[in-house]
Undergrad: 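The structure that follows is given in the form of C-alpha cells.
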There are 2 protein chains.
Amino acid sequence: MNLKQLAEQLGLSQTTVSRALNGYPEVSDATRRRVQEAAQRFNYRPNARARSLATGNSMIVGHVIPVSDRHEMVNPVFMDFIAGAGECYTRAGYDILLSVVTDDDEARTYRRLAKDGIVDGVIVHGPRHEDPRVPLLQSLGLPFVVHGRTLATDPAFSWLDIDNTRSFRRATGLLTDLGHRRIALLNGLEWMDFAQRRREGYLQGLADAGLTMRPELMHSDEMTEDFGHDVAARLLDGSEPPTAFLVSSCITALGVRRAVETRGMSVGRDVSIVTHDDDLSYLGNRGDVPSFTATRSSVRQAGRRCAEILLGLIASRQEDQPTPPVQELWESQLLVGRSTGPARDRAEGTT
Amino acid sequence: MNLKQLAEQLGLSQTTVSRALNGYPEVSDATRRRVQEAAQRFNYRPNARARSLATGNSMIVGHVIPVSDRHEMVNPVFMDFIAGAGECYTRAGYDILLSVVTDDDEARTYRRLAKDGIVDGVIVHGPRHEDPRVPLLQSLGLPFVVHGRTLATDPAFSWLDIDNTRSFRRATGLLTDLGHRRIALLNGLEWMDFAQRRREGYLQGLADAGLTMRPELMHSDEMTEDFGHDVAARLLDGSEPPTAFLVSSCITALGVRRAVETRGMSVGRDVSIVTHDDDLSYLGNRGDVPSFTATRSSVRQAGRRCAEILLGLIASRQEDQPTPPVQELWESQLLVGRSTGPARDRAEGTT
DNA sequence: CAAACTTTTCAAAGCGCTTTGGTCGCGTAA
DNA sequence: TTACGCGACCAAAGCGCTTTGAAAAGTTTG
C-alpha cells in the first residue's frame, strides 16, 4: 500500500493524505482522523527512500569505526557507545549506518556517505592527535561530532571528550601518594589523541611528585588483554620492576592482573593497578569497592550525548540556523577500588 | 553535480550516461570512456537514495542487535561479527544499518526495516530457542540469515551456527578424562538457543562419564565478568566446590579466574577452566598454548560467511531465482591451554 | 540501391514521496 | 451586494536516478 493507493481509497488527494499524516495544520481534524485511521487499518507506512529523496534527509547517521590494520582489532567500547547513541536515535526516528573501515579507506568512506547523500551526519570515532578527517568533513559540509578531540581546537567543530590529561594526572597522584615511585604506563596507540593526553597527564603527575619519567616504563599499543599481560610480565620479571601500573583500558588491566597473579603476587598488596574504565556493560568493576581502582567515565552516556549533539546540528542545519559548535569536556570519576595499596618495593627491599 | 548536469555537460542524454557508468553493453566504448572520464573529473557520484528509489534496492543490510533489558548489556561479540561481515559488504558495495533494540522493540524494528524498504536483507543476531523473528521475517518476505539457530529447523531458512552441543560435550569429556567429577557450568541466558544446546552437550558429556548432573552447579545469566566471578566465588567457598568450570564466554571465564586466584588457588592446578572462545580481537588467548583451554570458533569469520550467504540470497531474489536456504554447521576447535589439569579434589582430601 | 538488421542514442515514464502554487467555497466586513 | 480573507483541499512539479520503447545512424545483405 502506497500513498497513491491510500489516497484513492479515501477519495482524497495525495497532498492531503501526506499532510494529514505529517501533522501539517491545513487539514481539518475530521479528515486527519479519518486518514490516520485508514493508514492504521491498511498498515500503510511511507517508503523511507522516497521520502528521503523528496525531503533531502535520509534520517540516517553514520558511524565510521576504524579498525586497526595490524591486529584487525576493533575496540569493544564502540559497541557500548553505539548502544547509548542508539537510544537517542531511536527516539528521534533515526537509524545508524555503520562502516567498519581500515585507515586508508576512511576518507573515501566519509566522502561517499556525504556525497551520495546516504547519511545526514556522522560521528567520528577514535580521533588521532592530528586528524585529517576533521578538515575533510568540514569541507564536505556534513554535520559531525567527534567522540574525543584532536589537537587543533582552533577550527571550530563539535566534540565531546573526557579530560584525559587531568584524570591520568590525578590517577598518577593517587599512586605517588601511596608511595609508588616506579609506575608503568600502559597506554593506547600513541597516535590516538586520548593516548597522548593521558601520557601528558601521567607525566604531569610524575612531575608533581618530583619523579622523573623512565622511558622503559612507558608502553603503548592496542589495548588487548595480551598487551597488558606481556608487558607486565616482562617488567615484573625485570631487575627494577614497577610497583604500580597505570593502564588505559580494563581489558589491558585484566592482562596485567593475570601477569601479576601468575607470578604469585597479589594485586593491591604487592602491585597496584589503576585503569581507565569505560564502564562497559559486561565488564563489571561495580560495587561499593570495585575490584579495580579506576578513572571511570561511561562511554555509553557519552554515546547518548554525542547523538543528541549531532541531531541538534542536523536540525539546525535543516532550518538554516547555524549554531555554534558544541564542545564538552567531561570529568571522569576517580574510584578507589581493591587494586591499589601502599607501595611495596621489592627491588629496594623496603616494605 | 547530478546526472542531468553531467549529461548536459557531455551533450548526451541521461540514459546514455547512466548506462555508460553502470556498465550496460549498449554504449560504444568511446562514449563510455568519455563519460567515465568526465564523471571522474566532475567528481560525479550517483545519489544513493534516488538510485535506490529507482531500482528498489537500498544496498543496505540490517543488523538488529538485541540488548538485554536488565543490564543493558550488549554482547561484545557483535562488534567482531560485524567487523567480519563488513569486509564482505564493503567489497560488494553494501552498507550496514545497525539497530540496537530492546526485546519488545524487535518485531517493530524488523517490520519497519522491511516495509519502509530501508534494507535489502537482515542478519538475525542472538536467536532464542523458539524465536518469533523467524516466522515474522518469512512472512515479511525479507531475505535473512540467522547467526545461530532456533529450535524449529523445520521451516526452511538460512542459518550459520557452530555445533554447540558437540563442542560442549567434548569439552566436558576433556574434563572428565582429567578426573573431574564436579564440573560447574556457567552458561548464557537460558532462553538463548546456543545456551540450551551447550547445556545439552554438557549433560551428554556428564552422562558419557557416568556422572549425574547437579543443579547447584549449573548457572546461567548474562555473560559478564562479574557473573563469572560471583558464581565461582560462591561455589568455591561452598562445602563441595567444583574442581572445574565450563564457561560460555571468555569474559566470564576471566571472572572465574579472578575468583580462583583471589582465593590463593591456581588456575590449571587447583581448578580447571574450559571456556568457549569467540576469538575476539582484543581477548588474546592465542599462542601455542593459550592461557585458557577453550572451544574456539572465530565469530569474525562467521560474520564474513553470514554476510556472503545473505548477499547471495539478496542477489537470487533480485533475479527471481529462488535458491534453497543455506544452512551451515561449523565445528569448533578444542584447544588445550594452561587452564586445565588433573582434578585436585579439595573436598574429599584427595590429590 | 533498397530492405533488413544491428548498434548507438534518446525522450519520457516511472519509483513514492513532499511541497509549491493554486482553486473552491464559505463566512464576514465594507 | 461586492470584496476580501480564510480554511480545506487539490493538481502538478519536483527529488535524481533507472529503464522502457522508439528513433536515428551505421552496416550488411539480396
Side-chain angles (χ1 to χ4, degrees), chain A residues 1-36 38-39 42-60 93 112-120 318-320, chain B residues 1-36 38-39 42-60 93 112-120 318-320:
Chain A
M1 168 74 66
N2 59 23
L3 185 61
K4 193 174 171 186
Q5 294 166 336
L6 181 62
E8 273 166 12
Q9 277 288 334
L10 285 161
L12 289 169
S13 72
Q14 294 189 40
T15 311
T16 306
V17 176
S18 169
R19 299 212 135 130
L21 293 174
N22 291 319
Y24 282 72
E26 51 273 79
V27 175
S28 73
D29 278 1
T31 311
R32 166 160 297 139
R33 262 195 300 278
R34 201 161 65 91
V35 170
Q36 282 171 338
F42 292 115
N43 198 14
Y44 165 77
R45 316 211 48 187
N47 180 305
R49 298 190 294 235
R51 163 179 283 183
S52 92
L53 180 58
T55 59
N57 305 120
S58 63
M59 300 301 281
I60 297 181
R112 195 171 60 83
L113 295 183
K115 298 210 61 183
D116 300 3
I118 299 177
V119 301
D120 292 340
Q318 283 166 2
E319 294 154 13
D320 264 330
Chain B
M1 167 75 64
N2 59 22
L3 184 61
K4 192 172 171 187
Q5 294 167 337
L6 181 61
E8 275 166 12
Q9 278 287 334
L10 284 161
L12 288 169
S13 72
Q14 295 189 40
T15 313
T16 306
V17 176
S18 170
R19 299 211 136 132
L21 292 174
N22 292 319
Y24 281 72
E26 51 273 78
V27 175
S28 71
D29 278 1
T31 311
R32 167 160 297 140
R33 261 195 301 279
R34 199 160 67 90
V35 170
Q36 281 170 339
F42 293 116
N43 198 12
Y44 166 77
R45 319 212 45 189
N47 178 307
R49 298 189 295 236
R51 162 180 283 183
S52 94
L53 180 58
T55 59
N57 306 121
S58 63
M59 301 301 280
I60 297 181
R112 195 170 62 83
L113 295 183
K115 299 210 61 182
D116 300 5
I118 299 179
V119 301
D120 292 341
Q318 284 166 1
E319 292 153 15
D320 265 331

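Lettering of chains follows the sequences in order, A, B, ..., and the numbering in each one begins at 1.
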Undergrad: Roughly, in whole Å, what's the span from CE in A/M59 to P in C/dC17?
TA: 16 Å
Undergrad: Does the side chain of B/Q5 come within less than 4.5 Å of B/N2's, by heavy atoms?
TA: yes
Undergrad: Listed by chain and number, what are the salt bridge (charged side-chain N to carboxylate O under 4.0 Å, His left out) partners of B/R45, not counting sequence neighbours?
TA: A/D116
Undergrad: Could you check whether B/T31 gets within reach of a base, just the sugar-phosphate, or nothing at all, counting any heavy atom under 4.0 Å?
TA: sugar-phosphate
Undergrad: Any side-chain N or O of B/Y24 less than 4.0 Å from the OP1 or OP2 oxygen of D/dT19?
TA: yes
Undergrad: From CG of A/D29 over to C1' of D/dC9, roughly how many Å is that when rounded to an integer?
TA: 15 Å
Undergrad: Of all the nucleotides listed (D/dT18, D/dA8, C/dT8), which has the minimum atom distance to the side chain of B/S18?
TA: D/dT18
Undergrad: Hey, what bend do you get for the helix from C/dC1-D/dG30 to C/dA30-D/dT1 if you fit axes on five pairs at each end, rounded to 10°?
TA: 60°
Undergrad: In whole angstrom, what separates B/K115's NZ from C/dC17's C1'?
TA: 16 Å
Undergrad: How many whole angstroms separate atom CD of B/E26 from atom P of D/dA22?
TA: 16 Å
Undergrad: Please list every donor-acceptor pair under 3.5 Å in which a side-chain atom of residues 24-31 of chain B meets a protein atom from a residue at least two apart or in another chain.
TA:
from: B/S28; atom 1: OG; to: B/T31; atom 2: N; distance (Å): 3.3
from: B/S28; atom 1: OG; to: B/T31; atom 2: OG1; distance (Å): 2.6

Undergrad: Strictly under 3.5 Å: I want the nitrogen or oxygen pairs between protein and nucleotides 10-16 of chain D, one per line.
TA:
from: D/dC10; atom 1: OP2; to: A/S13; atom 2: N; distance (Å): 2.8
from: D/dC10; atom 1: OP2; to: A/S13; atom 2: OG; distance (Å): 3.2
from: D/dC10; atom 1: OP2; to: A/T16; atom 2: OG1; distance (Å): 2.8
from: D/dC10; atom 1: N4; to: A/R19; atom 2: NH1; distance (Å): 3.4
from: D/dA11; atom 1: N7; to: A/T15; atom 2: OG1; distance (Å): 3.4
from: D/dA11; atom 1: N6; to: A/T15; atom 2: OG1; distance (Å): 2.5
from: D/dA12; atom 1: N6; to: A/T15; atom 2: OG1; distance (Å): 3.4
from: D/dG16; atom 1: N2; to: B/A50; atom 2: O; distance (Å): 3.4

Undergrad: Provide, to the nearest angstrom, the distance between the CG atom belonging to A/N57 and the P atom belonging to C/dC17.
TA: 17 Å
Undergrad: Would you indicate whether the side-chain heavy atoms of A/D120 and A/I60 approach each other to under 4.5 Å?
TA: no
Undergrad: Please answer whether the main-chain N or O of B/S52 pairs with a side-chain N or O of B/N57 as donor and acceptor at a distance below 3.5 Å.
TA: no
Undergrad: So, B/R51 side chain and B/P46 main chain: donor-acceptor pair closer than 3.5 Å or not?
TA: no
Undergrad: If the condition is side chain to side chain contact (heavy atoms under 4.5 Å, CB included), which residues does A/A54 pass it with, not counting sequence neighbours?
TA: none
Undergrad: Who are the side chain to side chain donor-acceptor pair (under 3.5 Å) partners of B/R32, not counting sequence neighbours?
TA: none
Undergrad: Taking C-beta and beyond as the side chain, do A/E8 and A/L3 meet within less than 4.5 Å on heavy atoms?
TA: no
